[in-house]
Amino acid sequence: PSSMGGKGDATAARFVYNSNGTPMYGIMFASLYADKLYVSSCASRLENFDRWSPVFASILGSVELKDKYHPFPIGFY
């Protein structure tokens, strides 16, 4: 498990696929937060993924969801 922007539970997946005969590799995060589905993904050619991975991590790490829930579910008095 992970989160998107520090909010919402998310699932991360790495995937490999073929795009017109070109091997591709990517990472994707999906989260349900405040009754909405959020999906973010980045992919590149398989042989270039390590080169782009830091950029992808920065992009995916920049996702910010608006606060919808109190950070302490039972309150903090």
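Note that the coordinates shown come from a computational prediction; the quantities given were computed from them, not determined experimentally.
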Engineer: Quick one: side chain to side chain contact (heavy atoms under 4.5 Å, CB included) partners of Met24, sequence neighbours excluded?
Structural biologist: Tyr17, Ser19, Thr22, Arg45

Engineer: How many angstroms lie between atom OG1 of Thr11 and atom CG of Leu32, to the nearest 0.5 angstrom?
Structural biologist: 8.5 Å

Engineer: Working to the nearest 0.5 angstrom, can you tell me the gap between Ser58 OG and Trp52 CH2?
Structural biologist: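 Here the rounded value is 12.0 Å.
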
Engineer: For residues Val39 and Phe29, determine if any side-chain heavy atom of one lies less than 4.5 Å from a side-chain heavy atom of the other.
Structural biologist: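 Side-chain contact under 4.5 Å: no.
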
Engineer: My understanding is that only residues two or more places apart in sequence, or in another chain, count here; which of them pass side chain to side chain contact (heavy atoms under 4.5 Å, CB included) with Ser41?
Structural biologist: Met28

Engineer: For Val16, give me all partners under side chain to side chain contact (heavy atoms under 4.5 Å, CB included), at least two apart in sequence or on another chain.
Structural biologist: Tyr25

Engineer: Minimum heavy-atom separation for Cys42 to Phe15, with atom names?
Structural biologist: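 That would be O-CZ, 4.4 Å.
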
Engineer: Which heavy-atom pair separates Gly21 from Pro23 by the least distance, and what is that distance?
Structural biologist: O-CD, 3.6 Å

Engineer: When rounded to the nearest 0.5 angstrom, what distance separates CZ in Phe49 from OG in Ser44?
Structural biologist: 6.0 Å

